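Below is one structure; the comments refer to it alone.
Keep in mind that this is a model prediction, so the values were computed, not measured. Atoms within a ligand are numbered from 1 in the order they appear, just like the ligands themselves.
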Amino acid sequence: MATEVFKHGLGEPYKRKEDARFIRGQGNYVDDVMLPGMLYGDIVRSPYAHALIKNVDISEAMKVPGVVAVITGKDLDAAGLAWMPTLSADTEAVLALDRVHFQMQEVAFVVATSRYAAADGVAAVDVDYEPLKVIVDPKKALDPDAPLLRPDKKDKQPTNQIYHWETGDRAGTDAAFAEAEANGVVVKQDMFIPRIHPAPIETCGCVADYHKATGKLTVWLTSQAPHAHRTLFAIVAGLPEHRIRIISPDLGGGFGNKVPIYPGYVCAVVASLTTGKPVKWIEDRSENISSTGFGRDYHIHAEIAADKDGTVQALKVYTLADHGAFDAAAQPTKFPAGLFHICTGSYDFKHAFVEVDAVHTNKAPGGIAYRCSFRVTEASYLIERMMDTLAHDLGKDPAQLRLQNFIQPEAFPYRSALDWTFDSGNYEGALKLAMKNVDYEGLRREQAEKRARGELMGIGISSFTEIVGAGPGKHFDIAGIQMFDSCEIRVHPTGKILARIGVQTQGQGHETTFAQIIAAELGMSPDDVDVEHGDTDTAPYGLGTYASRSTPVAGAATALAARKVRDKAKKIAAYLLEVGEEDLEWEPGRFFVKGAPGKGKTIQELAFAAYTNCPPYLEPGLEAVNYYDPPNLTYPFGSYICVVDIDRGTGQVHIRRFMAVDDCGTIINPMIVEGQIHGGLTQGLAPALYEEITFDDNGNILTGNFQDYLIPTSMETPHWETDKTVTPSPHHPIGAKGVGESATVGAPQAIANAVVDALAHVGVRHIDIPISPWKVWAILNEKGLTAD
Ligand code: CDP
């Protein structure tokens, strides 16, 4: 029995339950929602990056057949809704009032009986703009002659600087650098991690449906955090929270893009409140790329102080962060630069000091955690590039330099120089496995032979450490709400289970893996466990899914809720078997009397008894709920090795091999984990070689569609090789760490390091991503290496 039960427990590649509907084309996305009498919204957007609005004339738009209403900033202002809070305690214009701050900013909302009529209405709205000087380059945002981009904030924020943030030990770091200048080595490097966009297949949108009779507002929303959004809607719109229902149905990807509240959502709600009809608003691709939350945009200067033999001592980082027009970065309140603290990486630095200045520019707001736990990708990229730079300057092998400096397995739990406690790790184990898998020494020999023949081959390593699973609630909150998460389990009389979780899947397979957690805890088949999420009227309160927090937080809540069910089942078993609880033993799926294995009750029998023959001293029924506030974050890690060949004729980078060894602690479903890593690697390849949002000097976005914004397709994606080590988290109930974003965090620098390594022998030390063929060709040309 036990073998059968555990067939689909933890560690089994159980097929994804949700795929039964997805592969039949029967997913239910927001745009699939059709309601009787539904109206459609479309947005008038600014063609200018910075301009005053002299007038908004809606008279012609109101004459367009089918147009029902046009909402302007002034209308919202009259209702006290012109501004909404961002996730970083700034305020963002829902519809611009007297000024636009970035190209594609929302200016008016047209409501019509069809999507086409709404678009015609948008074209007929006449806005009179007076263009203003534009700031595109964040390095110019603090110039004395820079225009003040946020006059609405001038009392609190007299310049374009949003914040200055610093962490670490400045004096200790300075002393270590002074020592290294005298007796060791100091390496310095500037690097830019450009603005990129998560670009989920499904863009953002909603259907808002307000019923005047009941006072209930239902919003089908592309939301990664439905409960938090419900609370924010209640606060922003002043509606009673129990009369707001957010339903986040199937989501076509999110990657952080569906964490913020966007003006279109608020406009659709206002339109439904005004017209009394349901209103659908779905943005198009260009609107998604140009106006919704972007990732990265960090200009970094980093320095390492090390001994002459390469032993690292101190890390110093200065970053200029471009947050765009409004500070809408998505991160916990206490941490304006997210979890950038992880920039000391997998290495045993004694001292570190980090500063970040954030500024406004005339670009779309954002700074979201794009498949990343709040700036962890930026941190990981910088330290892995810096370790290669140190190896380069010392003439050391980058693998050996890493092995020399890794935090050792016995040092965990490890307190980092920036004061974070890494829960567990074995960095050496992961790198050595990756090196063995690719025959690292053999590759280095091959590289030497190729160099001798004039061929360009590079090997890049990334031995990254992540930090995922926010809370704990005492340190982590979003808009004041503590970052816990939850699971509610209802065991029906026949032993079948309905579980509801506070996190929200966007394709990660929670309906499968969370069922596996419960199945493993209760010793039953995941087939008998249905998992629901995304409906605030039914699911327990949770902070949602981003930053790989589902498994570390809601996964833990799920295991603990199942254990509560098991504890109650044990009491029922003791009553039915007429023994004390201490006389019972558990094997997967049943309790039996110690020493008498034949005398027992299955979990299904106990569920039935909970409703039919419950002990008189217990409440009937078998249900449990757990709200889990994690004691610490989890620290997944990995070692990636990338092998590239460079075409000397075109500058094209060809990824010949990519070996990814990941460690996410206890694995729930290896097939899903591998899928997460494959997808994550491709989203790590993207910024390394292809993706970047660029602007001209007037703030016009140059990459506002998929023709200009290059996302890799299957044609550009190499064959990913994967392997694993397993180092459980000591504080997670089942030892699991997050994995969803590991590969996106770890991959870009492995590729960048490989390309730089291919050119290191001719003095190349750094190339900013994305490493386009043109950038490489220009270097080859400068070095006289281009093929004829
Ligand atoms: O928060 P998000 O779901 O994006 O990330 P995650 O918690 O890292 O999980 C991604 C998917 O991988 C989920 O279905 C997890 O349950 C699964 N997973 C797993 O099977 N084993 C792990 N140790 C971690 C995640």
Side-chain angles (χ1 to χ4, degrees), residues 8-19 198 200 224-225 248 251 253-259 330 368-374 376 423-424 466-471 483 485 487 499 501-520 526 529 531 533-534 542-559 628 630 633-638 662-680 683 722 724-729 731-746:
H8 296 308
L10 296 185
E12 291 296 331
Y14 182 67
K15 279 197 182 155
R16 285 168 35 117
K17 284 165 164 264
E18 39 276 87
D19 287 347
Q224 292 178 230
S248 195
L251 294 188
F255 313 116
N257 187 235
K258 291 170 181 168
V259 171
I368 50 148
Y370 169 10
R371 205 163 182 172
C372 156
S373 190
F374 316 115
V376 171
D423 60 348
S424 63
E466 269 213 286
I467 170 169
V468 308
M483 295 183 75
D485 232 291
C487 173
I501 51 179
V503 288
Q504 167 65 37
T505 183
Q506 308 123 47
Q508 293 95 325
H510 295 167
E511 288 166 42
T512 307
T513 47
F514 284 69
Q516 283 182 271
I517 294 173
I518 294 168
V529 183
V531 175
H533 51 81
L543 269 286
T545 292
Y546 36 85
S548 263
R549 66 185 297 280
S550 303
T551 304
V553 191
T558 303
Y628 184 75
L633 295 112
T634 67
Y635 293 74
F637 59 94
D662 271 280
D663 192 318
C664 57
T666 306
I667 292 175
I668 301 161
N669 185 322
M671 182 186 69
I672 286 182
V673 165
E674 198 178 353
Q676 292 289 306
I677 290 168
H678 276 225
Q683 282 187 308
T722 59
K724 61 173 182 296
T725 57
V726 176
T727 312
S729 169
H731 63 78
H732 188 279
I734 60 167
K737 303 181 178 185
V739 77
E741 64 197 38
S742 290
T744 309
V745 168

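The protein residues lying under 4.0 angstrom from ligand 1, judged by non-hydrogen atoms, are Gln508, Gly509, His510, Thr513, Thr545, Ser548, Arg549, Ser550, Thr551, Pro552, Cys664, Thr666, Ile667, Ile668, Asn669, Ile672, Val673, Gln676, Ala736, Lys737, Gly738, Val739, Gly740.
Residues that satisfy the salt bridge (Lys or Arg N to Asp or Glu O under 4.0 Å) test with Glu511, not counting sequence neighbours, are Arg21.
Looking at Lys737, its side chain never comes within 3.5 Å of a backbone N or O of Val468 through a donor-acceptor pair. Looking only at distances, a side-chain donor or acceptor of Arg16 sits under 3.5 Å from a matching main-chain atom of Gly507. With hydrogens and angles disregarded, no donor-acceptor distance shorter than 3.5 Å links the side chain of Thr545 to the backbone of Val503. Side-chain atoms of Thr666 never come within 3.5 Å of backbone atoms of Pro728 as a donor-acceptor pair (strictly under, hydrogens ignored).
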Check against side-chain hydrogen bond (donor to acceptor under 3.5 Å, both in side chains), Asn669 and Thr513: CA-CA 6 Å; Asn669 185 322; Thr513 47; over 6 Å; no

